[in-house]
Structures are given as C-alpha cells and as structure tokens.
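Remember, it's a predicted structure, so these values are computed and weren't measured experimentally. Whatever order the structure lists ligands and atoms in, that order sets their numbers, starting from 1.
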Amino acid sequence: MRIHLNTKDALIVVDVQVDFLLGGSLAVANGEQVIRPLNGYIRVFSQRGLSVFFTRDWHCRNHCSFTENGGRWPLHCESDTPGALFDSDLLLPTDNSYIISKGVQPEVDAYSGFQGTSLLELLREKGVERVFIGGIATEYCVKATVLDALKLGFATGVLTDAIRGIDVNSGDQEIAVGQMLAGGAVALTMDDF
Ligand code: VGL
Ligand code: ZN
C-alpha cells in the first residue's frame with residue numbers, strides 16, 4: 001500500500017531502550033535490528049515536519065512488574081538508570097519529538113503508550129488522525145499501543161520491519177501481529193513510504 005504522508009500523521013517509536021536490547025536485563029532477541037529501520041522512518045517523518053513520539057518504560061524500583069516485587073519480569077528500565085536510556089544510535093530529532101514515559105506508577109504495569117500518559121492529548125492537540133507504530137516488544141508494548149490507538153479511533157499502521165518480540169512462548173510475535181491486523185491495523189514496511 002502506497003502511503004502518502006500528510007499533516008495528520010505521526011510516528012510512535014516504542015521502547016527502544018538499553019534494557020530491551022542486546023546485553024540488557026530484558027533483552028529482546030534481535031531487538032537491535034529495529035534501530036536502522038526506525039531511524040529511516042524517523043528521518044522521513046521528521047523531514048516532513050511530522051511529530052515523532054518516543055515511548056519509554058520508566059519504572060520505579062518498587063514497580064509491581066519486577067520479580068523481586070512479585071511480578072513477572074526481571075528488573076528493567078528503572079527510571080534514571082543507564083538501562084532506561086534510549087539506545088545511543090536511535091535518532092532523537094530536536095523538533096516535533098516527544099518523550100512519553102509509561103509504567104511510572106509502582107502499582108500498575110502499563111504496556112500501552114497511552115496508559116497513564118499524555119500521548120492521546122498530544123495527538124489530539126496536533127490534529128493527528130493516523131499513527132504509524134514500531135519498536136519493541138511486539139507482543140507487549142507495541143501490541144498494546146497499536147490496539148489502544150485503534151480503539152481510540154486512529155487509523156493505525158504497524159511497521160513490521162521495525163518490530164521485534166520477546167517470544168516468551170515461541171510464536172507469540174506472530175500471534176500478536178495477527179491480533180493487531182484483526183483489530184484493524186495495516187501492516188507496512190519502508191517500501192510503502
Ligand atoms: C515491555 C515487558 C515489560 C515492553 C515492558 O516494552 O514491551 N515488556 N515491560
Ligand atoms: Zn516494563
């Protein structure tokens with residue numbers, strides 16, 4: 001599908017953080033492979049003056065998702081620690097880019113970039129009607145963000161060349177992509193732009 005970008009479009013880059021990448025505490029296999037395609041999308045959107053939103057997992061040390069607190073995940077993306085930083089190769093445009101921190105509240109795990117954040121408000125403020133989403137992890141934060149975007153009425157593209165998953169059970173990523181498409185998302189790659 002040929003995408004003609006317009007002023008009502010925005011890019012959402014999900015959780016490209018050190019702890020989710022090679023050597024990180026919750027590393028996603030091949031997660032580093034999203035960086036090059038994402039930088040390509042970031043350039044395209046940025047050059048057209050379109051907004052780019054960067055979500056980040058931003059947990060406090062006593063966050064409920066950590067095993068040490070009874071949750072299911074190893075300690076990851078603790079706010080203001082090196083593991084929570086965006087990968088240093090990720091392009092962060094100075095104009096029209098926004099950082100969205102999520103999972104901030106200790107007692108709530110927030111996979112979606114919309115949950116407990118100002119993302120919706122910012123998108124509405126900018127008149128955004130269509131969002132394009134990539135990042136990690138496919139079956140957690142990417143999926144939750146895509147499904148929320150659809151539910152909130154955004155036309156939604158999932159950038160399948162710029163997502164990677166954790167695959168706690170093998171096949172999880174594929175199932176997640178199926179769920180996003182069933183929900184109304186459109187699968188896109190750089191060739192569509
Ligand atoms: C994520 C597991 C725990 C994600 C965040 O960004 O997909 N996954 N916290
Ligand atoms: Zn988390």
Side-chain angles (χ1 to χ4, degrees), residues 11-35 37-38 41-42 52-90 92 98-120 131-151 156-180 183 185:
L11 176 64
I12 302 175
V13 175
V14 176
D15 296 8
V16 183
Q17 292 169 272
V18 169
D19 273 342
F20 293 128
L21 299 167
L22 194 64
S25 63
L26 184 43
V28 172
N30 304 315
E32 67 283 354
Q33 293 174 1
V34 303
I35 294 169
L38 284 174
Y41 291 113
I42 292 163
V52 182
F53 296 86
F54 294 88
T55 72
R56 65 181 180 186
D57 222 22
W58 200 247
H59 300 313
C60 50
R61 181 62 195 245
N62 60 343
H63 193 260
C64 63
S65 76
F66 300 155
T67 47
E68 62 187 31
N69 305 319
R72 65 178 294 194
W73 304 114
L75 180 63
H76 65 276
C77 299
E78 183 185 355
S79 54
D80 294 311
T81 65
L85 292 172
F86 291 118
D87 185 89
S88 57
D89 288 335
L90 188 70
L92 292 171
Y98 303 85
I99 292 173
I100 305 291
S101 302
K102 65 182 171 58
V104 173
Q105 280 184 285
E107 66 282 2
V108 196
D109 203 8
Y111 290 141
S112 165
F114 289 96
Q115 197 180 338
T117 72
S118 56
L119 179 57
L120 177 62
V131 293
F132 299 88
I133 300 175
I136 46 188
T138 304
E139 68 275 48
Y140 296 98
C141 291
V142 171
K143 180 178 108 174
T145 305
V146 165
L147 295 182
D148 267 357
L150 290 163
K151 204 186 314 170
T156 305
V158 53
L159 305 170
T160 55
D161 54 348
I163 56 176
R164 291 293 184 279
I166 299 178
D167 256 351
V168 170
N169 300 301
S170 93
D172 283 356
Q173 304 186 60
E174 262 178 70
I175 293 168
V177 171
Q179 290 167 332
M180 291 186 260

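Taking a cut-off of under 4.0 Å to the non-hydrogen atoms of Asp15, the atoms of ligand 1 that pass are 4 (C), 6 (O). For ligand 1, the atoms sitting less than 4.0 Å from at least one non-hydrogen atom of Ala137 are 4 (C), 6 (O), 7 (O), numbered in the order shown with element in parentheses. Below 4.0 Å from some heavy atom of Asp57 lie the following atoms of ligand 1, by number and element: 5 (C), 9 (N).
The N/O atoms of Lys102, backbone and side chain alike, include none that comes under 3.5 Å of an N/O atom in ligand 1.
Between Val146 and Thr156, the shortest heavy-atom contact is CG1-CG2, 4.0 Å.
The protein non-hydrogen atom at the shortest distance from atom 1 (C) of ligand 1 is Cys141 SG, 3.4 Å. Nearest non-hydrogen protein atom to atom 2 (C) of ligand 1 is Trp73 CE2, 3.5 Å. Scanning the protein for heavy atoms near atom 8 (N) of ligand 1, the closest one is Tyr140 CB, 3.8 Å.
Side-chain atoms of Asp109 and Tyr140 form no donor-acceptor pair, as typed in the model, at a separation below 3.5 Å.
Counting heavy atoms under 4.0 Å from ligand 1, residue Asp109 does not touch it at all.
The salt bridge (Lys or Arg N to Asp or Glu O under 4.0 Å) pairs that include a residue from residues 63-83 are Arg61-Glu68, where partners are two or more places apart or lie in different chains.
With a 4.5 Å cut-off on side-chain heavy atoms, Val177 and Ile163 count as touching. In this structure the side chain of Phe54 reaches within 4.5 angstrom of the side chain of Phe86, judged on heavy atoms.
Looking only at N/O/S atoms, Asp57 comes nearest to the Zn ion (ligand 2) through OD2.
Distance CG/Leu38 to CG/Asp87: 10.5 Å, rounded to 0.5 Å. One distance of note links CD1 of Ile166 with CD1 of Ile136; it measures 8.5 Å at 0.5 Å rounding.
For residue His59, an N/O/S atom approaches the Zn ion (ligand 2) to within less than 2.8 Å. With 2.8 Å as the limit, His63 does not count as an N, O or S neighbour of the Zn ion (ligand 2).
When Leu11, Ile133, Val13 are each tested for a side chain to side chain contact (heavy atoms under 4.5 Å, CB included) with Leu159, only one passes: Leu11.
Using a 4.0 angstrom heavy-atom cutoff, His76 counts as in contact with ligand 1.
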